[in-house]
Amino acid sequence: MILYPAIDLKDGKAVRLLRGDMDKATVFNDDPAAQALEFVAKGCEWLHLVDLNGAFAGQPVNGAAVEAILSQTGTPAQLGGGIRDMATIETWLSKGLARVILGTVAVENPALVREAAAAFPGQIAVGIDARDGKVATKGWAETTDVDATDLARSYEDEGVAAIVYTDINRDGAMQGPNVEATAALARAVQIPVIASGGVSSIRDLRALRDCGANLNGAISGRALYDGAIDLKEALQVLRT
C-alpha cells in the first residue's frame with residue numbers, strides 16, 4: 001500500500017478541514033511547497049493534493065500552489081478539486097501532475113471521465129466522497145441519491161487508474177477510518193481503491209492494510225501534521 005500525505009489547499013495555504021466544512025479550517029503551513037518538501041524528505045513517494053476553493057468554484061483556484069509543489073518536489077502527485085473539463089485535465093497533466101482526480105463530474109458527466117481515461121491511461125482517478133453511503137459533490141456541499149458502490153461499479157472496465165474513497169463523516173475528525181465501508185467498496189470492484197478520511201494512527205493503517213480488500217493506498221492529513229502518525233513509521237508499516 002502507498003501512503004499519500006494530504007495537502008489540502010485553501011487560499012494558497014495548506015489546511016485541514018473538519019468533515020469538509022470550509023468554515024472549520026486549520027492552517028498548518030503558509031507555504032504548501034515547503035510542506036510537500038518536508039513529506040518528501042521523510043520518504044513519501046506520492047502526494048495527494050486538493051484544491052478546496054476549486055472544488056466549490058468548479059475551476060482551479062490554487063494553481064500557483066500546486067505548480068510550486070510540482071516544480072520543487074519532483075514527486076508524483078494526484079490532484080482533485082474543480083477539475084471538470086478536458087482542457088483543465090490536459091493542462092494539469094502537461095504541467096507534470098501524475099494523476100487527476102475527478103469527483104463531481106464522475107456523477108454529473110461520466111462521459112468526460114471515460115473520455116479522459118481513454119486519452120490518458122493510468123492518469124485518471126475517480127473521487128468518490130460519501131456521506132452515509134451516498135455520494136456528495138461540489139466540495140461536499142451537495143449530497144446526491146447516488147450510492148457510492150454503484151458509482152464505483154459503473155466505472156469498472158473503463159480504464160480508471162484508481163478510486164479515491166472518502167468517508168466525509170470521518171474526514172479530519174481523527175476518529176479512525178470507516179474500514180468496513182471502505183473494504184466493502186474495494187471488494188465490489190477490481191479498480192484499485194485508495195482510502196481517505198479519518199486515518200489517525202498507525203493502528204488505522206494496519207487495519208486498512210489487513211482488511212483483505214483491494215486497497216492500493218491510504219491518505220492521511222491531520223494526523224501527520226499533528227504528529228499522531230510518524231510518517232517514516234507509517235511508510236514502513238504499509239510496505240510490510
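In this text the structure is predicted, and so the values were computed from the model without any measurement.
Pro177 is not listed as a side-chain neighbour of Asp167, based on a closest heavy-atom distance of 4.5 Å or more. Asn169 has its side chain within reach of Arg131: a pair of non-hydrogen atoms, C-beta onward, lies under 4.5 Å apart. Contact of the Gln59 side chain with the Arg84 side chain is not registered, since no non-hydrogen atoms from C-beta on lie closer than 4.5 Å. In this structure the side chain of Ile202 reaches within 4.5 angstrom of the side chain of Glu233, judged on heavy atoms. Residues Arg209 and Leu215 fail the side-chain proximity criterion, which asks for heavy atoms closer than 4.5 Å. Taking 4.5 Å as the limit, some side-chain heavy atom of Arg222 sits within range of a side-chain heavy atom of Thr26.
The only member of Thr137, Ile128, Leu102, Asp129 that meets side chain to side chain contact (heavy atoms under 4.5 Å, CB included) when paired with Val107 is Thr137.
One hydrophobic cluster holds both Val193 and Val113 under the rule that ILVMFWY side chains link at heavy-atom gaps under 4.5 Å. Follow the hydrophobic side-chain contacts under 4.5 Å out from Leu97 and you reach Phe39 in the same cluster. Val126 is not connected to Val50 by any chain of hydrophobic side-chain contacts under 4.5 Å among Ile, Leu, Val, Met, Phe, Trp and Tyr, and they are in different clusters. Linking Ile, Leu, Val, Met, Phe, Trp and Tyr residues whenever their side-chain heavy atoms come within less than 4.5 Å leaves Leu37 and Leu224 in two separate clusters. Note: the hydrophobic cluster containing Leu79 does not contain Phe56 (ILVMFWY, side chain heavy atoms under 4.5 Å, direct or indirect links).
Taking the ring-ring contact (aromatic ring centres under 6.0 Å, His included) definition, one finds that Phe28 meets it with Tyr225, sequence neighbours left out. Taking Arg206 as the reference, nothing meets the side chain to side chain donor-acceptor pair (under 3.5 Å) condition, with sequence neighbours excluded.
When all heavy atoms of Lys42 and Leu235 are compared, the pair lying nearest together is O-CD1, 3.6 Å. Across all their heavy atoms, Ala234 and Leu205 have their closest contact at CB-CD1, 3.5 Å. When all heavy atoms of Gln123 and Leu93 are compared, the pair lying nearest together is NE2-CD2, 3.7 Å. Between Leu151 and Ala106, the shortest heavy-atom distance links the atoms CD1-O, 3.5 Å. The shortest heavy-atom contact between Cys211 and Ala183 is SG-CB, 3.9 Å. The two atoms that bring Ala136 and Ile168 nearest to each other are CB-CD1, 3.5 Å, heavy atoms only.
Taking a cutoff of 4.0 Å between a charged side-chain nitrogen and a carboxylate oxygen, Glu45 and Arg239 qualify as a salt bridge.
To the nearest 0.5 angstrom, Glu158 atom CD is 13.0 Å from Ile124 atom CD1. Between the CG atom of Asp230 and the OG atom of Ser201 there is a distance of 13.0 Å, given to the nearest 0.5 Å. We find the CG-CD distance between Asn29 and Gln35 to be 5.0 Å, quoted to the nearest 0.5 Å. Distance check: Arg99 CZ to Leu49 CG gives 12.0 Å after rounding to the nearest 0.5 Å.
Residue pairs satisfying the salt bridge (Lys or Arg N to Asp or Glu O under 4.0 Å) criterion with at least one member in residues 102-113, sequence neighbours excluded, are listed as follows: Glu108-Lys138. Contacts classified as ring pair (Phe, Tyr, Trp, His ring centres under 6.0 Å) and involving residues 143-162 (residues at least two apart or in different chains) are not found.
Members clustered with Ile194: Ile2, Tyr4, Trp46, Ile101, Val164, Ile219, by chain and number, using a 4.5 Å side-chain heavy-atom cutoff among hydrophobic residues.
Within 6.0 Å of atom CD in Glu156, more than 12 heavy atoms from other residues, nucleotides or ligands are found, so the atom counts as buried in its surroundings. Heavy atoms of other residues, nucleotides or ligands lying less than 6.0 angstrom from CD of Glu90 number more than 12.
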Identify all side-chain donor-acceptor contacts of residues 61-74 below 3.5 Å with residues at least two apart in sequence or on another chain.
{"unit_1": "Asn62", "atom_1": "OD1", "unit_2": "Gly12", "atom_2": "N", "d": "2.7"}
{"unit_1": "Asn62", "atom_1": "ND2", "unit_2": "Leu9", "atom_2": "O", "d": "3.3"}
{"unit_1": "Asn62", "atom_1": "ND2", "unit_2": "Asp51", "atom_2": "OD1", "d": "2.8"}
{"unit_1": "Asn62", "atom_1": "ND2", "unit_2": "Asn53", "atom_2": "OD1", "d": "2.8"}
{"unit_1": "Glu67", "atom_1": "OE2", "unit_2": "Lys95", "atom_2": "NZ", "d": "2.8"}
{"unit_1": "Ser71", "atom_1": "OG", "unit_2": "Glu67", "atom_2": "O", "d": "3.1"}
{"unit_1": "Ser71", "atom_1": "OG", "unit_2": "Ala68", "atom_2": "O", "d": "3.1"}
{"unit_1": "Thr73", "atom_1": "OG1", "unit_2": "Ile69", "atom_2": "O", "d": "2.8"}
{"unit_1": "Thr73", "atom_1": "OG1", "unit_2": "Thr75", "atom_2": "N", "d": "3.2"}

Item to complete: List the steps and the verdict of side-chain hydrogen bond (donor to acceptor under 3.5 Å, both in side chains) for Ser200 and Asp204.
Response: CA-CA 6 Å; Ser200 56; Asp204 293 339; 2.9 Å; yes
